[in-house]
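Reviewing the structure listed below.
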Amino acid sequence: MTEENAIKQVEGFIQAVNDNNPAEVYKYLSPDIKELIDQQGFERNFAKERSYPYLTPLFLYLDKLELSEDKQSGTVECIVAARLPGQRMNFTVVYVKDNYYLVAFRDIADGSFIEKFDKL
């Protein structure tokens, strides 16, 4: 349980997102997110969410990772390569069963991402 391990996991997650590889993204998700959906379902929802015509490709850069004092959790702040300057995405990182995982894309896992298209 070290900051280097957390950075390695976060960078792997970011690379999977940037590669638009939902199967790889799924590997980095926290157990509570994985309980919402199996890998095939996540891949299907991720592809559907990212193929919506108003969305630009998602490309992230790690800006900041801050772990709690006990290193059991932390926050991740990413810069989003987007048309709008200053766009950021924040995630939580948690230490579970000897590794760090990301609490991310809950809306894709639970299917609620569909609702955001209703607001466009």
Side-chain angles (χ1 to χ4, degrees):
M1 181 173 15
T2 66
E3 185 169 337
E4 289 78 27
N5 294 108
I7 290 171
K8 182 179 175 185
Q9 283 295 99
V10 169
E11 287 178 338
F13 168 77
I14 289 171
Q15 186 63 51
V17 170
N18 293 347
D19 290 344
N20 197 26
N21 184 345
E24 192 68 20
V25 170
Y26 189 83
K27 294 178 184 175
Y28 292 97
L29 296 179
S30 64
D32 65 315
I33 298 293
K34 289 179 180 175
E35 286 178 8
L36 298 172
I37 193 167
D38 64 15
Q39 183 174 333
Q40 291 77 23
F42 182 80
E43 289 177 35
R44 188 175 44 253
N45 281 1
F46 191 92
K48 186 174 183 178
E49 192 267 353
R50 296 310 316 165
S51 64
Y52 198 78
Y54 298 126
L55 296 178
T56 57
L58 182 57
F59 204 90
L60 304 174
Y61 298 95
L62 176 60
D63 186 40
K64 191 172 12 177
L65 168 65
E66 293 181 355
L67 291 177
S68 62
E69 195 169 313
D70 65 2
K71 300 188 184 332
Q72 292 289 320
S73 63
T75 58
V76 177
E77 187 171 337
C78 293
I79 299 169
V80 179
R83 294 180 186 162
L84 301 174
Q87 187 176 359
R88 294 179 174 271
M89 290 183 82
N90 297 309
F91 306 102
T92 299
V93 63
V94 293
Y95 189 80
V96 180
K97 297 180 184 173
D98 299 328
N99 211 344
Y100 287 96
Y101 296 93
L102 280 295
V103 180
F105 300 128
R106 181 177 299 275
D107 61 335
I108 292 175
D110 69 11
S112 65
F113 72 96
I114 294 293
E115 296 169 11
K116 76 179 173 186
F117 298 138
D118 293 338
K119 299 174 186 170
L120 298 176

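Partners of Asn18 by side-chain contact (heavy atoms from CB on, under 4.5 Å), not counting sequence neighbours, listed by chain and number: Ile14, Phe59, Leu60. Under the ring pair (Phe, Tyr, Trp, His ring centres under 6.0 Å) criterion, Tyr101 pairs with no residue, sequence neighbours left out. A search for ring pair (Phe, Tyr, Trp, His ring centres under 6.0 Å) contacts involving Phe13 returns Phe91, Phe105, not counting sequence neighbours. With sequence neighbours excluded, no residue forms a ring pair (Phe, Tyr, Trp, His ring centres under 6.0 Å) with Phe113. Considering only residues two or more places apart in sequence or on other chains, Asn90 meets the side-chain contact (heavy atoms from CB on, under 4.5 Å) condition with Glu77.
Screening residues 31-44 for salt bridge (charged side-chain N to carboxylate O under 4.0 Å, His left out), with sequence neighbours left out, gives Asp32-Arg106.
Taking 4.5 Å as the limit, every side-chain heavy atom of Thr75 sits out of range of all side-chain heavy atoms of Leu65. The shortest side-chain heavy-atom distance between Pro22 and Phe42 falls under the 4.5 Å cut-off. Side-chain contact between Glu69 and Lys71: absent, with no pair of heavy atoms (C-beta onward) separated by less than 4.5 Å. Looking at Val93 and Val103, their side chains never come closer than 4.5 Å, going by heavy atoms from C-beta outward. Taking the side chain as every heavy atom from C-beta outward, Gln9 and Asn99 approach each other to under 4.5 Å. Considering only heavy atoms from C-beta on, Gln72 stays 4.5 Å or farther from Leu67 through its side chain.
Atom CZ in Phe46 sits 12.5 Å away from atom CD in Gln39 (nearest 0.5 Å). Atom OH of Tyr26 is separated from atom CD1 of Ile33 by 10.0 Å, given to the nearest 0.5 angstrom. Distance check, rounded to the nearest 0.5 Å: OH of Tyr100 to CD of Glu4 gives 9.5 Å.
Side chain to side chain, Asn45 and Glu49 fail the donor-acceptor criterion of an N or O pair below 3.5 Å.
Tracing side-chain contacts under 4.5 Å through hydrophobic residues (I, L, V, M, F, W, Y), one never reaches Tyr61 starting from Ile7; they form parts of separate clusters.
Using a distance-only test at 3.5 Å, with no hydrogens or angles considered, a donor-acceptor pair links the side chain of Asp110 to the main chain of Ser112.
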Quiz prompt | Intermediate values then yes/no, side chain to side chain contact (heavy atoms under 4.5 Å, CB included), Ile79 and Met89 | solution = CA-CA 7 Å; Ile79 299 169; Met89 290 183 82; over 6 Å; no
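Taking the charged nitrogens against the carboxylate oxygens, Glu24 and Lys27 do have a contact shorter than 4.0 Å, which makes a salt bridge.
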